[in-house]
K.L.:
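This is the structure I want to talk about, given as structure tokens.
Any value given below was found using the heavy atoms of this structure, including those in side chains, with hydrogens, waters and symmetry copies removed. Start at 1 and go down the list; that is how both ligands and their atoms are numbered.
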Amino acid sequence: MKNYSSKRALVTGGAGFLGSHLCERLLSDGYEVLCVDNFYTGRRSNIAHLMNNPYFEVMRHDICFPLYVEVDEIYNLACPASPIHYQFDPVQTTKTSVHGSINMLGLAKRVKAKILQASTSEVYGDPKVHPQPETYWGNVNPIGLRSCYDEGKRCAETLFFDYHRQHRLRIKVARIFNTYGPRMYPNDGRVVSNFIMQALKGEDITVYGDGKQTRSFCFVDDLIDGLIKLMNSPDDFTGPVNLGNPDEFTILELAEKVLEGVRLLGDRSSGNLIPNNLKPNSLISKSKIIFAPLPPDDPAQRKPDITQAKNILKWKPTIKLEEGLIKTIEYFNAFHSR
Ligand code: NAD
Ligand code: UDP
């Protein structure tokens, strides 16, 4: 049995993609973990393997409503993150970031907990400065389809810093750049999940626009490590701090890497090196790359400047895109063949 500390962590959005990995990591670090989720995009299957742990508790709750619990640390991750999910009910998205943050900050104030906000690279909007340092204020459309998410997260950052200044709350703000890995929702419309599912099903790979727009993709394990390091950093370090992988790829390059990854696993499986749960037949992708219209306000380029994270948190990503994609393809293949 693990040696559990008396530290209690609350993870809002704990049944989601990042939240479920964070709950798992905190439990293995000896925390008691309370996962709060309204299951808007989260899934019970993401946390099913944690349910028998006596130090893990799940509460169905919408953070837009007040919450009265006793905890030492709060990781505020609740918020749909993929464009199709956050645009489905944009008013609720803004409410989750704004009302939800007010409620979680109020909770932190009452119980004197340290609180971390999962902010986003979207606060930089379609950036005019490249790569993006934390000092850049961004270029955000306040009235577009992405605004409910971008402006909600920007307002949440404002609330965090005002609670810090006004009530001396111990805050941490992480600006998370595109993160991928197992437990992403296969139909969430994000580029990594879309491309992998399309390649596994032999469907065409839909590159939006000319595919020259760039993103930097961080594997989930690296990101979770960054969040934990940030929470454990000295109290006078609030961030905001960029967490992401600075290796930058065009979306077209990503499409090619996904196809390569699927092919590679297919070759390995025909050589009898069948990784966990892989079904070889689905790994001979018949997909070709096609082009579709670019969604409005789609940022042209994105790449984090992670100097602060390197210097202050002693953190940098360690997992290369090719390596992370293989792990993610294995997960999606098992999911898809069920
Ligand atoms: P996700 O959609 O998988 O997880 C979000 C979780 O929050 C889900 O479990 C959902 O049910 C829950 N939730 C949503 N609204 C809620 C509410 N009002 N009350 C309680 N629970 C609620 O997304 P994710 O990728 O795991 O993202 C987690 C956090 O990280 C989000 O805040 C997101 O903005 C941020 N982030 C993620 C990325 C990324 O690339 N994954 C990038 C930048 C920022
Ligand atoms: N994208 C794409 N094809 C898809 C899904 C997304 O070309 O099937 C593009 C999208 O237009 C954007 C990039 O991939 O330029 C990343 O999109 P995602 O929704 O994953 O995240 P974003 O960084 O835009 O929030």
K.L.:
Between Ser216 and Glu248, is any side-chain donor less than 3.5 angstrom from a side-chain acceptor?
P.N.:
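There is no such pair (donor and acceptor under 3.5 Å, judged by atom type) between the side chains of Ser216 and Glu248.
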K.L.:
Which atom names give the shortest non-hydrogen contact between Leu18 and Ile224, and what distance separates them?
P.N.:
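Residues Leu18 and Ile224, closest heavy atoms: O-CD1, 3.6 Å.
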K.L.:
Of all the non-hydrogen atoms in the protein, which one sits nearest to atom 18 (P) of ligand 2, and at what distance?
P.N.:
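In this structure, atom 18 (P) of ligand 2 has Val191 N, 3.9 Å as its nearest protein heavy atom.
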K.L.:
For atom 11 (O) of ligand 2, what is the closest protein heavy atom, and at what distance to 0.1 Å?
P.N.:
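Answer for atom 11 (O) of ligand 2: Asp298 OD2, 2.7 Å.
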K.L.:
Answer yes or no: does an N/O atom from Ile63 fall short of 3.5 Å to an N/O atom of ligand 1?
P.N.:
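In this structure, Ile63 places an N or O atom under 3.5 Å from an N or O of ligand 1.
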K.L.:
What do the steps show when you test Asn232 against Ile228 for side chain to side chain contact (heavy atoms under 4.5 Å, CB included), and what is the final call?
P.N.:
CA-CA 6 Å; Asn232 293 329; Ile228 303 261; 3.5 Å; yes
K.L.:
Can you tell me which residue and heavy atom of the protein come closest to atom 7 (O) of ligand 2, and the distance to 0.1 Å?
P.N.:
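Sorting protein heavy atoms by distance from atom 7 (O) of ligand 2 puts Tyr208 N, 2.7 Å first.
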K.L.:
Please check whether Thr120 reaches ligand 1 - meaning an N/O of the residue sits under 3.5 Å from an N/O of the ligand, judged on distance alone.
P.N.:
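N/O-N/O distance below 3.5 Å does not exist for this pair.
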K.L.:
Are a donor atom and an acceptor atom from the side chains of Thr238 and Lys172 found within less than 3.5 Å of each other?
P.N.:
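No, no side-chain donor-acceptor contact under 3.5 Å.
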K.L.:
May I ask which of Asn38, Ile176, Asn103 has a heavy atom nearer to atom 38 (C) of ligand 1 than the others do?
P.N.:
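Looking at heavy atoms only, the winner is Ile176.
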K.L.:
Any link between Val207 and Val262 through a network of hydrophobic side chains (Ile, Leu, Val, Met, Phe, Trp, Tyr) touching at under 4.5 Å?
P.N.:
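In one cluster with Val207: Val262, yes.
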K.L.:
Please identify which atoms of ligand 2 are closer than 4.0 Å to at least one heavy atom of Gly189.
P.N.:
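Those qualifying, in numeric order: 5 (C).
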K.L.:
Is ligand 1 under 4.0 Å from a heavy atom in the side chain of Asn178, in the backbone, in both, or in neither?
P.N.:
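Backbone only; the side chain of Asn178 stays clear of ligand 1.
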K.L.:
Side chain or backbone of Lys153 under 4.0 Å from ligand 1, or both, or neither, by non-hydrogen atoms?
P.N.:
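Contact part for Lys153 vs ligand 1: side chain (C-beta onward).
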K.L.:
For Val123 and Val140, run side chain to side chain contact (heavy atoms under 4.5 Å, CB included): C-alpha distance rounded to whole Å, both residues' side-chain angles, the deciding distance at 0.1 Å, then the answer.
P.N.:
CA-CA 7 Å; Val123 300; Val140 177; 5.8 Å; no
K.L.:
Side chains of Asn141 and Asp297: donor-acceptor distance under 3.5 Å anywhere?
P.N.:
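A pair is found: one side chain offers a donor N or O, the other an acceptor, under 3.5 Å apart.
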K.L.:
Give the atoms of ligand 2, by number and element, whose distance to some non-hydrogen atom of Pro295 is under 4.0 Å.
P.N.:
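Within the 4.0 Å cut-off of Pro295, ligand 2 contributes 11 (O).
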K.L.:
Below 3.5 angstrom, do we get any N/O pair linking Phe195 and ligand 2?
P.N.:
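So ligand 2 has no N or O lying under 3.5 Å from an N or O of Phe195.
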K.L.:
List ligand 1 atoms under 4.0 Å from Ala15, heavy atoms only on the residue side.
P.N.:
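Close to Ala15: 9 (O).
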K.L.:
Find the distance between CZ (Phe177) and CD (Glu122) and round it off to the nearest 0.5 Å.
P.N.:
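Answer rounded to 0.5 Å: 9.5 Å.
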K.L.:
Once rounded to the nearest 0.5 Å, what's the spacing between atom CG of Leu10 and atom CG of Leu67?
P.N.:
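Between Leu10 CG and Leu67 CG, I get 6.5 Å after rounding to 0.5 Å.
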K.L.:
With respect to Ala78, determine whether any N or O atom, backbone or side chain, lies less than 3.5 Å from an N or O atom of ligand 1.
P.N.:
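Min N/O separation from ligand 1 is not below 3.5 Å for Ala78.
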K.L.:
Is the charged tip of Arg183 near the ring of Tyr331: under 6.0 Å from the six-membered ring centre and within 45° of its axis?
P.N.:
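No - Arg183 does not lie over the ring of Tyr331 by the 6.0 Å and 45° rule.
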K.L.:
When Val192 is tested against each of Ile329, Leu325, Thr179 for side chain to side chain contact (heavy atoms under 4.5 Å, CB included), which residue passes?
P.N.:
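The single option meeting the side chain to side chain contact (heavy atoms under 4.5 Å, CB included) with Val192 is Leu325.
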K.L.:
Could you find the nearest protein heavy atom to atom 28 (C) of ligand 1 and give me its residue, atom name and distance?
P.N.:
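I find the closest protein heavy atom is Leu77 O, 3.5 Å.
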K.L.:
When you look for heavy atoms under 4.0 Å from ligand 2, do you find them on the side chain of Thr206, its backbone, both, or neither?
P.N.:
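Both backbone and side chain.
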K.L.:
May I ask whether His61 has any heavy atom positioned less than 4.0 angstrom from an atom of ligand 1?
P.N.:
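His61 counts as a contact of ligand 1 under the 4.0 Å cut-off.
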K.L.:
Heavy-atom contacts with Val207 under 4.0 Å: which atoms of ligand 2 show up? List them by number with element.
P.N.:
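Atoms satisfying the 4.0 Å criterion: 7 (O).
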K.L.:
Counting only heavy atoms, which portion of Pro299 has something under 4.0 Å from ligand 2: side chain, backbone, both, or neither?
P.N.:
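The answer is neither.
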K.L.:
Before signing off on this row, confirm whether Leu18 and ligand 1 have an N or O atom pair separated by under 3.5 Å.
P.N.:
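Yes: some nitrogen or oxygen of Leu18 is under 3.5 Å from one in ligand 1.
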K.L.:
Are any of the N/O atoms in Thr41 less than 3.5 Å from those in ligand 1?
P.N.:
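Between Thr41 and ligand 1 (N or O atoms, distance only) the closest approach is under 3.5 Å.
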K.L.:
List ligand 2 atoms under 4.0 Å from Arg302, heavy atoms only on the residue side.
P.N.:
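Every atom of ligand 2 under 4.0 Å from some heavy atom of Arg302: 22 (P), 23 (O).
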K.L.:
So which protein heavy atom does atom 13 (C) of ligand 2 come closest to, and at what separation?
P.N.:
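Scanning the protein heavy atoms, the shortest distance from atom 13 (C) of ligand 2 goes to Ile251 CD1, 3.6 Å.
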K.L.:
Tell me whether ligand 1 is touched by Thr12 - counting only heavy atoms on the residue side and a distance under 4.0 Å.
P.N.:
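So Thr12 does not count as touching ligand 1.
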K.L.:
Within the 4.0 Å heavy-atom shell around Pro83, which atoms of ligand 2 are there?
P.N.:
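Per the distance check, 19 (O).
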K.L.:
Can you confirm whether the side chains of Ser287 and Asp204 place a donor and an acceptor under 3.5 Å from each other?
P.N.:
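Note: Ser287 and Asp204 side chains miss the donor-acceptor criterion.
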K.L.:
Identify whether Ile290 and Leu200 are in the same connected component of the hydrophobic contact network (ILVMFWY, side-chain heavy atoms under 4.5 Å).
P.N.:
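Different clusters.
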K.L.:
Would Gln308 and Glu134 count as having a side-chain donor-acceptor pair, cut-off 3.5 Å?
P.N.:
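There is such a pair between these side chains.
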K.L.:
Contact between ligand 1 and Arg190 is defined here as a heavy atom of the residue under 4.0 Å from a ligand atom; is it met?
P.N.:
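Distance cut 4.0 Å: Arg190 passes for ligand 1.
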K.L.:
Evaluate Cys64 for polar contact with ligand 1, using N/O atom pairs at a separation under 3.5 Å.
P.N.:
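Between Cys64 and ligand 1, no N or O pair is found under 3.5 Å apart.
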K.L.:
Ser121 to ligand 1: N or O pair under 3.5 Å?
P.N.:
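Between Ser121 and ligand 1, no N or O pair is found under 3.5 Å apart.
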K.L.:
Under the side chain to side chain contact (heavy atoms under 4.5 Å, CB included) rule, what do Phe56 and Leu34 come out as? Steps first, then yes or no, please.
P.N.:
CA-CA 6 Å; Phe56 183 65; Leu34 171 59; over 6 Å; no
K.L.:
Mark up the atoms of ligand 1 that fall under 4.0 Å of a heavy atom belonging to Tyr40, in ascending order.
P.N.:
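So the answer, numbered in order with elements, is 11 (O).
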K.L.:
List the closest protein heavy-atom neighbour of atom 21 (O) of ligand 2: residue, atom name, distance to the nearest 0.1 Å.
P.N.:
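For this ligand atom, the closest protein heavy atom is Asn178 ND2, 3.5 Å.
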K.L.:
Just by distance, no angles: are the side chains of Gln92 and Asp62 close enough, under 3.5 Å, to form a donor-acceptor pair?
P.N.:
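Gln92 vs Asp62: donor-acceptor pair found between side chains.
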K.L.:
Does a donor on one side chain sit under 3.5 Å from an acceptor on the other, for Arg302 and Asn178?
P.N.:
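On atom types as modelled, these side chains qualify, holding a pair under 3.5 Å.
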K.L.:
Does one side chain, of His130 or Gln132, offer a donor that lies under 3.5 Å from an acceptor on the other?
P.N.:
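Per modelled atom types, His130 and Gln132 side chains form a pair under 3.5 Å.
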K.L.:
Polar-atom distance check: Val36 versus ligand 1, any N or O pair below 3.5 Å?
P.N.:
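No, no N or O pair falls under 3.5 Å.
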K.L.:
Please could you name the atoms of ligand 2 that Asn194 approaches to less than 4.0 Å, counting only its heavy atoms?
P.N.:
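Answer for ligand 2: 4 (C), 5 (C), 8 (O).
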K.L.:
Verify the distance criterion only: is there a donor paired with an acceptor across the side chains of Asp188 and Ser193 at less than 3.5 Å?
P.N.:
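Side chains of Asp188 and Ser193: pair found under 3.5 Å.
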K.L.:
Only heavy atoms count here, so choose which of Ala81, Ser119, Gly100 is nearest to atom 44 (C) of ligand 1.
P.N.:
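It is Ser119 that holds the nearest heavy atom.
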K.L.:
Does a side chain donor of either Arg175 or Tyr124 reach within less than 3.5 Å of an acceptor in the other side chain?
P.N.:
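Judged by distance alone, the side chains do pair up.
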K.L.:
Of the side chain and backbone of Gln92, name the one, both, or neither that has a heavy atom under 4.0 Å from an atom of ligand 1.
P.N.:
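It is the side chain that gets close, since no backbone atom is under 4.0 Å.
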K.L.:
Measure the distances from the heavy atoms of Arg175 to every atom of ligand 1 and state whether one is below 4.0 angstrom.
P.N.:
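Contact absent.
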K.L.:
Has His164 got a side-chain atom pairing as donor or acceptor with Ile171's backbone, closer than 3.5 angstrom?
P.N.:
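Looks like no, no N/O pair under 3.5 Å.
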K.L.:
Heavy atoms only: which of Phe17, Phe177, Tyr149 is nearest to atom 36 (N) of ligand 1?
P.N.:
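The nearest heavy atom belongs to Tyr149.
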K.L.:
Side chain, backbone, both or neither: which applies to Gln213 and ligand 2 if a contact is any heavy-atom pair less than 4.0 Å apart?
P.N.:
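For Gln213, only side-chain atoms sit under 4.0 Å from ligand 2.
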K.L.:
Can you sort out which atoms of ligand 2 are near Arg190, meaning under 4.0 Å from one of its heavy atoms?
P.N.:
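Heavy-atom distances to Arg190 below 4.0 Å select 19 (O), 20 (O).
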K.L.:
Would you say Arg146 and ligand 2 have an N/O pair spaced under 3.5 Å apart?
P.N.:
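Between Arg146 and ligand 2, an N or O pair is found under 3.5 Å apart.
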